[in-house]
Trainee: 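If you scroll down you'll find the structure; I have some questions about it.
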Amino acid sequence: MSKIIRTEPNSILSAAVEYHGFVYLQGVVAEDSTQDITGQTHQVLDRIDALLEQHGTDATRLLQAQVWLKNLADRPGFNAVWEEWIAGHGGHPPVRACVQAELVDPKGLVEVMVTACR
């Protein structure tokens, strides 16, 4: 039976779960929600990079991304940072969904959840 690796588990979720060479990340949000969409997006993508690195992979191996924005009017700002990040990781974007949603933190503007392979 394959081992399941859980990173930073708590009573309700893990920051990441790895199984059979796939890495599933939690919905990642910015730690400093006082920043604008650009600042929050940079924080989120930096955290994603760190979590993927802990599992021996990186954003060149992304398969899927789910993006939740507090306001779809922020989509161009998010996409500008996202496109730069993807280009910096080889320019091969994953499949992606992007929707407007009410986030848990009222000041939070973006949450991103990705799946990658090793």
Side-chain angles (χ1 to χ4, degrees):
M1 183 174 285
S2 294
K3 182 177 178 184
I4 298 173
I5 300 168
R6 298 178 198 282
T7 303
E8 300 174 24
N10 64 37
S11 63
I12 61 170
L13 61 84
S14 295
V17 174
E18 180 179 340
Y19 181 67
H20 272 290
F22 291 94
V23 180
Y24 305 89
L25 267 52
Q26 69 180 352
V28 178
V29 297
E31 289 187 15
D32 178 3
S33 61
T34 65
Q35 294 190 18
D36 66 5
I37 189 64
T38 299
Q40 288 192 32
T41 302
H42 278 292
Q43 290 179 60
V44 167
L45 298 179
D46 288 347
R47 178 71 173 136
I48 288 171
D49 281 335
L51 285 167
L52 291 175
E53 185 177 335
Q54 283 183 296
H55 286 267
T57 190
D58 60 39
T60 65
R61 309 281 293 160
L62 289 179
L63 301 172
Q64 174 181 319
Q66 298 173 35
V67 179
W68 295 276
L69 297 174
K70 181 175 184 172
N71 188 331
L72 283 180
D74 285 336
R75 193 170 184 211
F78 172 83
N79 279 340
V81 177
W82 175 266
E83 288 174 15
E84 179 182 295
W85 183 68
I86 292 294
H89 290 289
H92 302 288
V95 297
R96 188 184 102 173
C98 181
V99 299
Q100 182 170 307
E102 186 173 336
L103 303 178
V104 172
D105 178 352
K107 294 185 283 181
L109 302 176
V110 60
E111 184 169 343
V112 179
M113 185 174 175
V114 302
T115 303
C117 59
R118 287 180 43 103

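These numbers were taken from a predicted model, which means no experiment stands behind them.
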Trainee: From E111 CD over to Q66 CD, what is the distance, rounded to the nearest 0.5 angstrom?
Mentor: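 Output value for this atom pair is 10.0 Å.
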Trainee: Within this structure, what is the NE2-CD distance for the pair H42 and E84, rounded to the nearest 0.5 Å?
Mentor: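 It is 5.5 Å, given to the nearest 0.5 Å.
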Trainee: Where is the tightest heavy-atom contact between I86 and H92, given as atom of each residue plus distance?
Mentor: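 For I86 and H92, the tightest heavy-atom pair comes out as CG2-N, 3.9 Å.
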Trainee: Which heavy-atom pair separates L13 from A15 by the least distance, and what is that distance?
Mentor: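 What the structure gives for the nearest pair is CD1-N, 4.2 Å.
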Trainee: Do E53 and D58 have side-chain heavy atoms sitting under 4.5 Å apart?
Mentor: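 No. Closest side-chain heavy atoms not under 4.5 Å.
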Trainee: Side-chain heavy atoms under 4.5 angstrom apart, residues restricted to Ile, Leu, Val, Met, Phe, Trp, Tyr: same cluster for L103 and M113?
Mentor: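 L103 and M113: one cluster.
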Trainee: Would you sort out whether V67 and R75 count as a side chain to side chain contact (heavy atoms under 4.5 Å, CB included), showing the intermediate values?
Mentor: CA-CA 10 Å; V67 179; R75 193 170 184 211; over 6 Å; no
Trainee: Quick one: salt bridge (Lys or Arg N to Asp or Glu O under 4.0 Å) partners of E83, sequence neighbours excluded?
Mentor: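 Applying salt bridge (Lys or Arg N to Asp or Glu O under 4.0 Å) to E83 gives none.
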Trainee: Would you say D32 and T34 make side-chain contact, with heavy atoms under 4.5 Å?
Mentor: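 Side chain of D32 against side chain of T34, heavy atoms only: contact under 4.5 Å found.
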Trainee: Is the backbone of I5 close enough, under 3.5 Å, to the side chain of E18 for a donor and an acceptor to pair up by distance?
Mentor: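 Checking the backbone N and O of I5 against the side chain of E18, no donor-acceptor pair under 3.5 Å is found.
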Trainee: Looking at every heavy atom in both C98 and L69, which two are closest together, and how far apart are they?
Mentor: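 The pair with the smallest heavy-atom distance is SG-CD1, 3.7 Å.
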Trainee: Treat each ILVMFWY residue as a node, draw an edge where side-chain heavy atoms are under 4.5 Å apart, and state whether I37 and W85 are in one component.
Mentor: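 Looking at the clustering, W85 is in the same group as I37.
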Trainee: Among L51, L45, V110, whose side-chain contact (heavy atoms from CB on, under 4.5 Å) with V28 holds?
Mentor: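 The passing option is L51.
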Trainee: Please say whether more than 12 non-hydrogen atoms of neighbouring residues, nucleotides or ligands are located less than 6.0 Å from OH in Y24.
Mentor: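 Atom OH in Y24 is crowded, with more than 12 foreign heavy atoms closer than 6.0 Å.
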Trainee: Are H89 and D49 side-chain neighbours, meaning at least one heavy-atom pair lies under 4.5 Å?
Mentor: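 Side-chain contact under 4.5 Å: yes.
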Trainee: Kindly give the heavy-atom pair with the smallest separation between L25 and A16, and that separation in Å.
Mentor: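 Closest approach of L25 to A16: CD1-CB, 4.0 Å.
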Trainee: Any side-chain to backbone donor/acceptor pair from Q40 onto S33? Under 3.5 Å, distance only.
Mentor: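 Yes.
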Trainee: Are Q54 and E8 side-chain neighbours, meaning at least one heavy-atom pair lies under 4.5 Å?
Mentor: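 Yes, at least one pair of side-chain atoms sits under 4.5 Å.
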Trainee: How close do V44 and A30 get, counting heavy atoms only, and between which atoms?
Mentor: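 Where V44 meets A30 most closely, the heavy atoms are CG2-N, 3.5 Å.
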Trainee: If you define the side chain from C-beta out and look only at heavy atoms, does anything of L62 sit under 4.5 Å from L52?
Mentor: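 L62 vs L52: side chains touch.
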Trainee: Run the numbers on I48 and V112 for side chain to side chain contact (heavy atoms under 4.5 Å, CB included), then give the verdict.
Mentor: CA-CA 9 Å; I48 288 171; V112 179; 3.7 Å; yes
Trainee: Kindly indicate, with the supporting measurements, whether the criterion side chain to side chain contact (heavy atoms under 4.5 Å, CB included) is fulfilled by N71 and L109.
Mentor: CA-CA 7 Å; N71 188 331; L109 302 176; over 6 Å; no
Trainee: State, to 0.1 Å, how close Q43 and E31 come at their nearest heavy-atom pair, and which atoms those are.
Mentor: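 Nearest pair, atom of Q43 first, then E31: OE1-N, 2.9 Å.
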Trainee: Between the side chain of R61 and the main-chain N/O of R118, is any donor-acceptor distance below 3.5 Å?
Mentor: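 Side chain of R61 to backbone of R118, a donor-acceptor pair under 3.5 Å: yes, one is there.
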Trainee: Rounded to the nearest 0.5 Å, how far does CD of Q64 lie from CZ of R96?
Mentor: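 Spacing of CZ (R96) from CD (Q64) equals 12.5 Å.
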